[in-house]
Amino acid sequence: MSEGALPKAYEFKEVESHWYKYWEEQGYFRADENSKKPPFSIVIPPPNVTGQLHMGHALNDTLQDILCRYKRLKGFEVLWVPGTDHAGIATQNVVERELAKQGLSRHEIGREAFLQKVWEWREKYGGLIINQLKRLGSSCDWSRERFTMDEGLSRSVRQVFVSLYNEGLLYRGKRMINWCPRCVTALANIEVEAEELDSSLYQIRYPLVSGKGALIVATTRPETMLGDTAVAVHPDDERYKAFVGQEVILPILGRHIPVIADPYVERGFGTGALKVTPAHDFNDFELSRKHNLEIIQVIDEHGVMTSEAGPYAGLDRYACRKRILKDLEKGGFLVKVEPHKNRVGHCYRCQSVVEPMLSLQWFVSTKPLAQPAMEAVRLNRTRIIPSKWEKDYFIWMENVEDWCISRQIWWGHRIPAWYCKNCGEVVVATEAPTECPKCGGKVLEQDQDVLDTWFSSGLWPFSTLGWPDDTPELRKFYPTSVLVTAFDILFFWVARMMMMGIHFMKAVPFRQVYVHALVRDASGQKMSKSKGNVIDPLLMMDKYGTDALRFALTAFAAQGRDIKLSEDRIEGYRHFVNKIWNAARLLLMNLEGFTRIGDIPEKPGNLAHRWILSRLQRVIEQTSQSLDEHYYNEYAQALYQFVWHEYCDWYLEMLKPDFYGEDERAGNLARSVAAMVMEKILILLHPVMPFITEELWQKLPQTQGSIMKAAFPEYTPARIDPDAEARMEKLMDVVNAIRNIRGEMNVSPAVRVEVTCLCKDQQDVELLSKQSRTIEDLGRVSHVTAALAGQSEKPKFAAGAVAGNVEVFVILKDILDFDSEAKRLEKELAKLEKEFGNTRRKLSNYEFLDKAPPEVIEKEREKSERLGEKKDKLSRRLKLMESLRDSSV
RNA sequence: AGGCACGUAGCUCAGUGGGAGAGCGCUACCCUGACACGGUAGAAGCCGGCGGUUCAAAACCGCCCGUGCCUACCA
């Protein structure tokens, strides 16, 4: 191998870190807010600071990076804002676990010291995921990295809170909310995950006070009976009409509670009698308001029974359930137990069973904010892609309930509300008040709670750009161009950003929302650590290279479908990366000593060049179109096909004689065109494979600077060359026919064969004569003869095939076995007969001729004719072979 | 229960009214001066089932079966 040539295989390790560092140092990721170029902006869905890069991130950030790099090449001023989310509950949990290892709790060390610990923790590990994003090649503007807890964003949060409060869109109230007894905090409804469980339905007897009989209620949560304050039946239920207005005795506790009638009760379920526990069930709470029932809380914020639970006080809710069941049974109150499936709410952070609880919390009135957010999508100010998600968006927005935003944890934005110790006045302000505006009292205490993390991430598209200040960044880059996200946070996050963005900026936060798939494992399961089915993107990058991983994810990112990823496929695309590397290697071996290559004529005389230039135009069109419309898989596939099966398999193979031959002019032209096409390929591939494309770009003699500064090729329809494409197709057909025969007849690749091509017209004779070298090289042919069909005899000792209207004969003088050739022809004919029959049937169908569009009929006619000719030729051939076989026996 | 997807080659998936496709895997032959992470050829599919619309259906409509997801106040 000559000096300076590339190694045989692509070694990605050093290449990746080297170029990433270079790009960063050169400031290529930095956006200029004063640029005159058209803006293109994306805010990253901020990963949790506690997080590790998983495949979901890898896909999400690859797609964003593709768009950013593509738009930069297209001449846009691109801003990709990166950052992380403080993930209140999740992060607090992590740090609490750390403390627990030292036998400490956050309450023992106190709020301030605990927050100190969290910041220390974030200092230590918060950069982890950022570095992993860099590893992936993400071209974020790191100079603008933000964190939801940093000062600027905290200021936005306070500003929004105060504004919404003053507008009456934010309030404090005592409501039923979802409560996680493990995290010891309120949750928003959306943060509760319903999960189907195999439970039991218990029937319990509640005797009438009158002593005349009893009501039997059905419940899945017997422990809540301690807080029952009524039994409800349907008003029209004949079975129970007489009971309404009477009282029953609550077993164990002996409390007397009324029997009420309400149409909410489902007569067909259980016994048709419903125990009512207003303090621990959403619907029971509603009933209690309607019927003025007492509310008795029997479970506390830790999931432990309160003193109201009498003998069960202090027991955990599940321990209590067991004890109560035992006691009920002992007392003869337990009538029946049957298995029952029900859906139970779990905390999305810790998976504990959530407890409905009456509690004083802060809420956002979402409905008034949801209206404009729906309107914006309806008017296409924001386009959701694929559009099927719009429906879900509307349904969610229409049914949105007030959003509980206060959390009883420490890590997060402290609620900017103060309570006057003197008069109880509530003061909501961006800065701590020094005195009570009502009574002048000097002692004010800030609310202990913090805000839901999604409250701050809901401001992300404008808080990161400097809001509430009027910054050049906001003016240049808001609204952002597109938000790329998975559907699982469509409501958590996207919906909130829409509401907040429109309300505070008077403009949508993004013009497009591209909703991509979830990455699942090869069997379609959601990847999760507990299932142990995660494919670690970092491991994949180590093993196969970042470009291969990115390409695999992109190739599988078909709209509207989840991605089932397996390692095989990542490995497969590493082979593609290697293929590109070797194509460049071939080129560079031939470009040695060249610092400049020649100019390229608009239409070079050589067919191979004309063809590849035409094909290049098509792939340029295809890639830009696919990227513009978010068809990432098509983008990847188009390039894969073009690079491997057109550029490498045919074009480069056809150029080899020029590269190695004596003809200097042909050699130079080949070098020029091949290198130019390679440059374009690298640019087209750069968005998805940033590393290898930069590495090769730097090695090509004619390129300057970084590929990041190159221009994306412009699609020029005038450069499409249908004539060259048609000729090339014919040539490929002929070569394929030869290869097919060789393969079928088991002719060793080492044996060169002679070929005769009989053509219908002079043009084809010329084409094939001119391209004889290609036919000889690619078909492993010693000599090819092309002639007009009538003027030359059909060789007898040859295997025949038909390529278009060219009859191809592979001369196999001594080795042709007439019998096996006859068999091969029979097989081929059988296929043809079937296809030909189909076309004939269509063409003899009167209705088809009558009703189908003329161009379809014409196409069918042509096809039929072509197949018919081919069939005739082959069957004549078959007859000849048969007669030769029979006479030679 | 309702809603939404999906069911195409052994596997993973494109295709969406007019000739069944790709990648991986498999079989055979080949280290042919970029690449064995390679080359060439090949085998392989009643496009889930049944009806309907149409000259024409893998694609459109209906029903059924199977799978997945989301939503809901039958406790």
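As the structure is a prediction and not an experimental result, all values here were calculated from the model. Labels below follow one simple rule: chain letters A, B, ... track the order of the sequence lines, proteins then strands, and each chain is numbered from 1.
With C1' as the reference atom, B:rG52 and B:rU12 are 33 Å apart, rounded to whole Å. Taking atom P on both nucleotides, B:rG7 is separated from B:rC13 by 10 Å, rounded to a whole Å. On the P atoms, B:rG48 is 6 Å away from B:rU8, given to the nearest whole Å. Annotation: B:rG25 and B:rA36 have their P atoms spaced 16 Å apart (nearest Å). Annotation: B:rA20 and B:rC30 have their C1' atoms spaced 31 Å apart (nearest Å). Separation of the C1' atoms belonging to B:rC73 and B:rU67 is 29 Å when rounded to the nearest angstrom.
When the shell of 6.0 Å around CD of A:E193 is examined, it contains more than 12 heavy atoms from other residues, nucleotides or ligands. The environment of CD in A:E662 is sparse: at most 12 heavy-atom neighbours from other residues, nucleotides or ligands sit within 6.0 Å. No more than 12 heavy-atom neighbours from other residues, nucleotides or ligands sit within 6.0 angstrom of CZ on A:R861. Enclosure of atom OH in A:Y631 is not indicated, since only 12 or fewer non-hydrogen atoms of other residues, nucleotides or ligands lie within 6.0 angstrom.
Nearest-nucleotide assignment on RNA chain B puts the 5′-proximal partner with A:L867, out of A:L867 and A:V265. Both A:L586 and A:F491 lie close to RNA chain B; mapped to their nearest nucleotides by heavy-atom distance, the more 5′-ward contact belongs to A:L586.
Phosphate proximity of B:rG39 to A:K579: present, with a side-chain N or O under 4.0 Å from OP1 or OP2. For B:rC74, neither phosphate oxygen OP1 nor OP2 lies less than 4.0 angstrom from any side-chain nitrogen or oxygen of A:N283. Within the 4.0 Å cut-off from OP1 or OP2 of B:rC4, at least one side-chain nitrogen or oxygen of A:K391 is found. Contact annotation: A:W644 does not reach the phosphate of B:rC37 (side-chain N/O to OP1 or OP2, under 4.0 Å). Taking 4.0 angstrom as the limit, A:H645 places a side-chain polar atom (N or O) nearer than this to OP1 or OP2 of B:rG23.
Atom OH in A:Y631 sits roughly 12 Å away from atom C1' in B:rG15 (whole-Å rounding). Between the CG atom of A:N189 and the C1' atom of B:rU71 there is a distance of 13 Å, given to the nearest Å. A straight line from NZ of A:K656 to P of B:rU32 spans 11 Å, rounded to a whole angstrom. Taking atom CG on A:N342 and atom P on B:rA1, their separation rounds to 16 Å, with Å as the unit.
Between A:F12 and A:F691, a ring centre-to-centre spacing not shorter than 6.0 Å is recorded. In this structure, A:H340 has its ring center under 6.0 Å from that of A:F269. Under the 6.0 Å cut-off for aromatic ring centres, A:Y393 and A:W389 do not qualify, their centroids lying 6.0 Å or more apart.
Residue contacts for A:D850: at a heavy-atom cut-off of 4.0 Å it reaches no nucleic acid atom on any strand shown.
Judged by distance alone with a 3.5 Å cut-off, no donor-acceptor contact links the side chain of A:K8 to the base of B:rC35.
With a 4.5 Å cut-off on side-chain heavy atoms, A:T219 and A:M225 do not count as touching.
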Convert the base pairs of RNA chain B into dot-bracket notation, remembering that pairs crossing earlier ones are written with [ ] and that bases paired across to another strand are shown as |; include only Watson-Crick or G-U pairs under 3.5 Å.
-> ((((((((.[[[[.)..(..]]]].(((((.......))))).....[[[[[..)....]]]]])))))))....
